[in-house]
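As a basis for the values below, the full set of heavy atoms in this structure was taken, side chains included, without hydrogen atoms, waters or symmetry mates. Just so it is clear, the structure is predicted and the values come from calculations on it, not from any experiment.
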Amino acid sequence: MLDLPPHGAHIIASLDLYGGTWRLFHQVRAQSATLEVTHVGFSDQAALEAALRPETALIWAETPGNPLLSLTDLSQAAAFAHAHYLVAVADNTFASPAVQRPLEHGFDLVVHSDIKYICGHSDIIVGAVVVSERADLAQRLGFLQNATGTVLDPFQSFLARRGLLTLELRVARHAVNALTVARFLEGHPKIERVVYPGLESHPQHAIIAKQMNGGDGMRRQGA
């Protein structure tokens, strides 16, 4: 995926970002491809504009973010990217396609760590990149896939498909259970704060109604 932008490119990425992605950006690709990444809150339009450079190639929005579950308004982020001729990439791992579909909100590419919700059984290591109707991106990613050999074998494909068959049922139950637990913890006298976008107390709760179907199963609480 990160072979898509040219050597020395610049990326504008979410502040709330999975640690593995952060390491890949700053401790791997920064050396191997001179990649530079600026992290901003995607709700701050002024910060987005200030982060732009001539070499900026794409935006990378992880929503919900890991670990703080911050949300990005996907339509606004996609509009910003396209206004500046950038590729819009969303990491949709925490939501899964059962809850959120960034392509429907204008994004060009969606990435998933399928080992989590999509496969759901912790017996396969696989990721996915889903492409919009942009034929240029599909062609380039197909070339890179062929060149780097990132193709699943038949048994891994079977395991991934097995997980997809139950995805919606599993995620729906995850969301119900997570909201039940979050509400319980929010009302507990020994819990100082619960961070869960499905709660009305979450500062970005309104975004869920715009782009998500039922929240997700992740939560964080502080004691």
Side-chain angles (χ1 to χ4, degrees), residues 1-2 5 9-26 35-113 116-117 130 132 175 178-179 182 186 192-222:
M1 176 63 207
L2 290 182
H10 175 248
I11 292 176
I12 301 174
S14 303
L15 277 170
D16 190 10
L17 199 68
Y18 172 58
T21 306
W22 189 285
R23 289 191 295 275
L24 184 61
F25 282 164
H26 295 284
L35 184 72
E36 293 192 57
V37 182
T38 301
H39 297 275
V40 302
F42 274 77
S43 59
D44 188 340
Q45 191 70 23
L48 282 170
E49 297 285 349
L52 279 170
R53 301 182 190 175
E55 62 271 24
T56 304
L58 59 85
I59 67 167
W60 185 289
E62 182 178 311
T63 182
N66 181 355
L68 299 177
L69 299 182
S70 61
L71 302 181
T72 295
D73 187 314
L74 292 169
S75 296
Q76 287 185 8
F80 166 82
H82 296 152
H84 296 285
Y85 305 100
L86 309 176
V87 176
V89 181
D91 185 335
N92 199 42
T93 297
F94 259 17
S96 87
V99 172
Q100 180 173 265
R101 297 173 183 175
L103 296 186
E104 296 177 0
H105 298 276
F107 269 69
D108 302 304
L109 300 170
V110 180
V111 297
H112 296 275
S113 175
K116 299 182 175 70
Y117 283 122
V130 186
S132 68
L179 185 57
E186 192 173 45
E192 180 180 313
R193 183 187 179 207
V194 177
V195 180
Y196 182 66
L199 293 172
E200 291 78 2
S201 58
H202 192 279
Q204 296 175 305
H205 178 73
I207 292 178
I208 290 179
K210 295 179 61 177
Q211 66 192 38
M212 301 179 75
N213 175 29
D216 72 354
M218 304 304 296
R219 72 186 190 285
R220 286 183 65 85
Q221 67 272 351

Search all heavy atoms of [X] against all heavy atoms of [Y] and return the closest pair with its distance.
X      : Y      : value
Phe80  : Leu48  : CZ-O, 3.6 Å
Asn92  : Pro97  : ND2-N, 3.8 Å
Ala88  : Ile59  : CA-CG1, 3.7 Å
Pro102 : Val110 : CB-CG2, 3.7 Å
Tyr196 : Ala175 : OH-O, 3.9 Å
Lys210 : His105 : O-CE1, 3.5 Å

Any donor-acceptor pair under 3.5 Å linking the side chain of [X] with the backbone of [Y]?
X      : Y     : answer
Asp108 : Val87 : no
Glu62  : Asn66 : yes
Thr72  : Leu74 : no
His26  : Trp22 : no

Side-chain heavy atoms of [X] within contact of [Y], under 4.5 Å:
X      : Y      : result
Gln204 : Ser70  : yes
Leu71  : Phe42  : no
Val130 : His112 : yes
Ile208 : Asn213 : no
Phe94  : Gln100 : no
Pro67  : Asp16  : yes

- Could you please spell out the steps behind the side-chain contact (heavy atoms from CB on, under 4.5 Å) verdict for Ile12 and Arg53? CA-CA 10 Å; Ile12 301 174; Arg53 301 182 190 175; over 6 Å; no

- Task: Salt-bridge test for Arg193 and Glu186: reply yes if a basic N is under 4.0 Å from a carboxylate O, no otherwise.
- Result: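 The answer is no: the pair does not qualify as a salt bridge.
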
- Query: Any chance the side chains of Thr56 and His10 put a donor and an acceptor closer than 3.5 Å?
  - Reply: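 Thr56 vs His10: donor-acceptor pair found between side chains.
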
- Item | Donor-acceptor pair between Asp91 and Thr93 side chains, under 3.5 angstrom |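 Yes, because at least one side-chain N or O of Asp91 sits under 3.5 Å from a partner of the opposite role on Thr93.
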
Distance (rounded to the nearest 0.5 Å) between [X] [atom1] and [Y] [atom2]:
X      : Y      : atom1 : atom2 : answer
Trp60  : Leu17  : CH2   : CG    : 8.0 Å
Met212 : Ile207 : CE    : CD1   : 9.5 Å
Leu58  : Leu109 : CG    : CG    : 8.5 Å

- side-chain contact (heavy atoms from CB on, under 4.5 Å) evaluation trace for Leu199 with Leu179: CA-CA 7 Å; Leu199 293 172; Leu179 185 57; 4.1 Å; yes

- Message: Does Thr38 form a side-chain contact (heavy atoms from CB on, under 4.5 Å) with Glu36? I'd like the steps, not just the answer.
- Response: CA-CA 7 Å; Thr38 301; Glu36 293 192 57; over 6 Å; no

